[in-house]
Amino acid sequence: MLWKACALLFFVASIGSSFGDRNNITAAKIWLEEYNTEAEKVRPEAQEASWTWNTNITDYNNRLKLEAEKKKSEFDKRSYNQTLNWDWKNFTEINAKRQFYKIADIGESVLPTDKFQQITKAKSNMQSVYSKARVCNKPGDQDPSKCYPLNPTLENIMAKSTDWKELAWAWEGWRNETGRKMPDDYEKFVELANEAAGMNGYTDNGDYWRSWYETENFEKQMEELFIGLKDLYKLLHAYARKKLKERFVGHPFPDSGQIPAHLLGNMWAQSWGNLFTLLAPYPGKPLDVTEMMREQNYTTRKMFDLSEKFFTDLGLDPMPPKFYNDSMLDKPEDGRDVVCHASAWDFYNRKDFRIKQCTQVTMDWLITTHHEMGHVQYFLQYKDQPVVFRRGANPGFHEAIGDVLALSVSTPKHLKKINLLRPNQNPDDEELQLNFLMNQALKKIAFIPFGYLIDQWRWKVFKGETKKDEYNEDWWNLRCKHQGVSPPVQRFNTDFDAGSKFHVPNNTPYIRYFVSYVIQFQFHKALCKEAGHNGPLHKCDIDQSTEAGNKLAAMMKLGSSKEWPDAMEAITGQRKMNVSDLIEYFAPLEDWLKKEVKNETLGWDDQCGRIWGNGMRTKSIFIAIYIIFH
Ligand code: KAW
Ligand code: ZN
């Protein structure tokens with residue numbers, strides 16, 4: 001007992017004697033512990049207030065959320081000031097140095113209180129416009145008070161309708177009710193986010209977002225990956241365009257080669273899986289998993305149980321006890337407004353983890369369920385890291401986990417195993433396999449340019465190269481150039497079509513999904529090797545491979561304590577992002593597509609042609625007058 005007391009006295013004395021010593025690593029580590037304990041109190045409070053607002057959008061809950069965010073920002077600022085007591089940049093202990101680096105990086109919390117409140121308010125306004133939006137006056141409706149939300153009505157129309165006019169109504173209406181109401185708030189948000197980034201030593205907010213990747217020439221690297229995938233996308237685009245021209249014969253397709261954006265089965269033309277019936281190489285061999293799910297009376301809970309089982313069969317963690325009670329897995333039917341866009345929540349107290357989504361019983365939602373469960377699995381694996389390391393190795397890693405598992409779950413072999421293939425369907429049938437690959441391509445390859453371009457647009461906005469009155473023009477320059485889609489109705493510079501996509505009003509960076517879509521194939525290939533898979537990559541199902549599960553867990557446990565190449569190496573042995581595994585996965589389909597489009601002109605003009613309405617013309621007239629008089 002006595003020796004323990006002596007040791008404690010010596011310990012306290014040694015710290016005491018080094019007060020004021022900016023290099024005392026022992027004292028620095030004690031401070032880090034204290035920071036962590038405090039953060040585990042402040043963060044859950046902020047998360048709880050945000051959750052309450054997200055699951056019940058009211059002014060009152062908004063005020064509570066703003067109050068909690070202010071409290072968290074004060075804690076961030078206080079902590080930042082305390083980091084100045086240490087010469088942490090010269091610490092030789094890497095882990096402690098990295099914690100300090102992350103604690104000192106306080107983002108928008110750096111702003112003075114009034115500006116912090118302004119930016120939070122601008123974001124809240126945009127988020128509530130987006131989540132409350134309804135579109136009225138559907139063609140054929142008699143009752144003008146009948147209005148429709150994105151989830152499920154407009155999404156279902158975009159997915160299933162083959163009526164040009166109805167699709168155009170949903171497409172245009174959604175943009176009128178969302179983006180068009182946001183440019184003022186967005187401009188304010190950009191101004192203040194840039195100001196915060198500048199105060200933190202970044203050139204602008206885009207520079208700050210890119211810093212999370214800790215990669216030299218990040219923009220260049222993304223561009224190279226994108227170029228590596230463009231040819232494959234062009235094949236799929238040409239094939240889809242050919243088939244859509246047959247479906248919508250007599251309707252206008254632009255001579256510049258783009259596809260009208262409302263025809264691709266999705267509100268943003270980002271994922272084309274809903275065109276599968278039209279585009280399947282062998283239409284007689286459907287992959288009608290949604291129908292099978294409905295026939296078997298699937299419920300939301302059954303979808304989550306199925307997903308959870310896939311994780312635990314790999315040896316990964318089950319959902320904690322409170323998860324199902326506290327999550328919001330279905331859209332509430334009591335009329336309250338909620339943020340329906342799916343998300344996964346870490347409350348940073350090592351026990352509360354939730355998912356919020358408005359699930360429907362479909363194959364797509366089964367995949368989204370795996371995607372969100374992937375986030376929660378990451379939370380569980382890194383929960384014993386210090387709070388500041390409870391993040392993905394980079395944001396793309398967090399997005400990739402659930403998708404990697406879903407690559408196995410979606411294979412015909414696995415669907416057979418879980419009774420979601422029809423009894424007469426043979427999972428080894430090569431025609432069915434090609435149909436499966438087409439289905440995958442419509443989700444994965446179709447997404448690539450969209451995943452790339454959103455932040456191309458935002459980075460330019462943050463750099464100040466795109467001003468408010470150019471928001472929409474530059475948006476469509478990118479959509480036309482990279483995705484090869486065109487607006488189905490005239491656009492105006494008073495429109496703000498970027499704002500019709502959740503992540504823009506919600507201020508969530510998007511390049512993470514592009515990164516995820518590349519690296520998930522690298523992870524898939526490495527895990528398949530670990531699981532002893534032989535044969536083509538697209539046939540691999542890692543189900544029940546604890547070897548694969550262990551690799552994945554080892555990587556996730558790191559959180560963001562190491563730079564991402566270390567985390568990637570833990571799974572793949574590689575330290576670079578690379579498109580070759582994605583290309584290998586789709587090789588049989590690429591061959592098939594090449595034959596299918598041999599008489600088509602691949603690609604499209606960089607510009608869309610005549611898409612601008614009066615607003616844009618007014619602007620051109622002003623520019624012409626300005627030029628004449630100068
Ligand atoms: C997609 C991704 C996977 C599978 C199919 C897909 N289809 C489309 C995408 C890309 C993208 C989209 O819908 O456009 N997917 C999502 O937005 C899924 C939602 C999310 O899980 O990524 C969610 C987005 C979000 C972020 C911040 C606040 C609110 C929602 N991300 C997370 O919940 C999350 C949580 C912790 C860490 C990292 C991300
Ligand atoms: Zn996600």
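Start at 1 and go down the list; that is how both ligands and their atoms are numbered. Reckoned from all heavy atoms, side chains included, excluding hydrogens, waters and symmetry mates.
Using a distance-only test at 3.5 Å, with no hydrogens or angles considered, a donor-acceptor pair links the side chain of Tyr239 to the main chain of Leu279. The backbone N or O of Cys340 sits nowhere less than 3.5 Å from a side-chain atom of Lys356 that would complete a donor-acceptor pair.
Heavy-atom distances between Phe502 and ligand 1 reach below 4.0 Å in at least one pair. In this structure, Lys443 falls outside the shell of residues with a heavy atom less than 4.0 angstrom from ligand 1. Remark: distances from the non-hydrogen atoms of Thr368 to ligand 1 are all 4.0 Å or more. Residue contacts with ligand 1: Ala344 is included, with a non-hydrogen atom under 4.0 Å away.
Neither the backbone nor the side chain of Trp345 comes within 4.0 Å of ligand 1, counting heavy atoms alone. With a heavy-atom cut-off of 4.0 Å, Arg391 does not touch ligand 1 at all. For Phe397, no heavy-atom contact with ligand 1 is shorter than 4.0 Å. At a heavy-atom distance under 4.0 Å, only side-chain atoms of Asp403, from C-beta outward, approach ligand 1.
For the pairing with Gln127, the side chain to side chain donor-acceptor pair (under 3.5 Å) check across Asn506, Asn62, Asn54, Asp185 returns one residue only, Asn506. Checked options Val461, Asn200, Asn194; the residue passing with Asn205 is Asn194 (criterion: side-chain contact (heavy atoms from CB on, under 4.5 Å)).
Around the Zn ion (ligand 2), the angle linking His371 (NE2) with His375 (NE2) is 110°, rounded to 10 degrees.
Ionic pairing of Lys132 and Glu177 is not present here: no N-O contact between side-chain nitrogen and carboxylate oxygen is shorter than 4.0 angstrom. A salt bridge links Arg354 to Glu48: one of the charged nitrogens lies within less than 4.0 Å of a carboxylate oxygen. Note on Lys71 versus Glu67: no salt bridge recorded, every NZ/NE/NH1/NH2 to OD/OE distance being 4.0 Å or above.
Using a 4.5 Å heavy-atom cutoff, the side chains of Phe586 and Gln440 are in contact. Side-chain contact check for Leu405 versus Leu552: some heavy-atom pair is nearer than 4.5 Å.
The contact set between ligand 1 and Phe379, taken as ligand atoms under 4.0 Å from a residue heavy atom, comprises 36 (C). Heavy-atom proximity to Glu399, at under 4.0 Å, picks out these atoms of ligand 1: 22 (O), 31 (N), 38 (C), 39 (C). Residue Thr508 approaches ligand 1 through these ligand atoms, each under 4.0 Å from one of its heavy atoms: 26 (C), 27 (C). Heavy-atom proximity to Ala342, at under 4.0 Å, picks out these atoms of ligand 1: 19 (C), 20 (C), 23 (C), 24 (C), 30 (C). Against a heavy-atom cut-off of under 4.0 Å, Ser343 is close to the following atoms of ligand 1: 29 (C), 30 (C), 33 (O). Near Gln270, meaning under 4.0 Å from one of its heavy atoms, ligand 1 places the atoms 8 (C), 12 (C), 13 (O), 14 (O). Near Glu372, meaning under 4.0 Å from one of its heavy atoms, ligand 1 places the atoms 18 (C), 19 (C), 20 (C), 21 (O), 33 (O). Atoms of ligand 1 found under 4.0 Å from any heavy atom of Tyr510, numbered from 1 in the order shown, are 10 (C), 11 (C), 12 (C), 14 (O).
In the displayed structure, Lys481 atom NZ is contacted under 6.0 Å by at most 12 heavy atoms of other residues, nucleotides or ligands. No more than 12 heavy atoms of other residues, nucleotides or ligands shown are found within 6.0 angstrom of CZ on Arg391.
Rounded to the nearest 0.5 Å, atoms CD1 (Ile571) and CD (Gln522) are 10.0 Å apart.
The cationic atom of Lys72 (NZ for Lys, CZ for Arg) does not lie both less than 6.0 Å from the six-membered ring centre of Phe75 and within 45° of the ring axis.
Residue contact annotation: His398 places no N/O/S atom under 2.8 Å from the Zn ion (ligand 2). At a cut-off of 2.8 Å, Glu399 coordinates the Zn ion (ligand 2) through an N, O or S atom.
Nearest to atom 6 (C) of ligand 1 among the protein's heavy atoms is Tyr517 OH, 3.4 Å. Counting protein heavy atoms only, atom 15 (N) of ligand 1 is closest to Tyr513 CE2, 3.5 Å.
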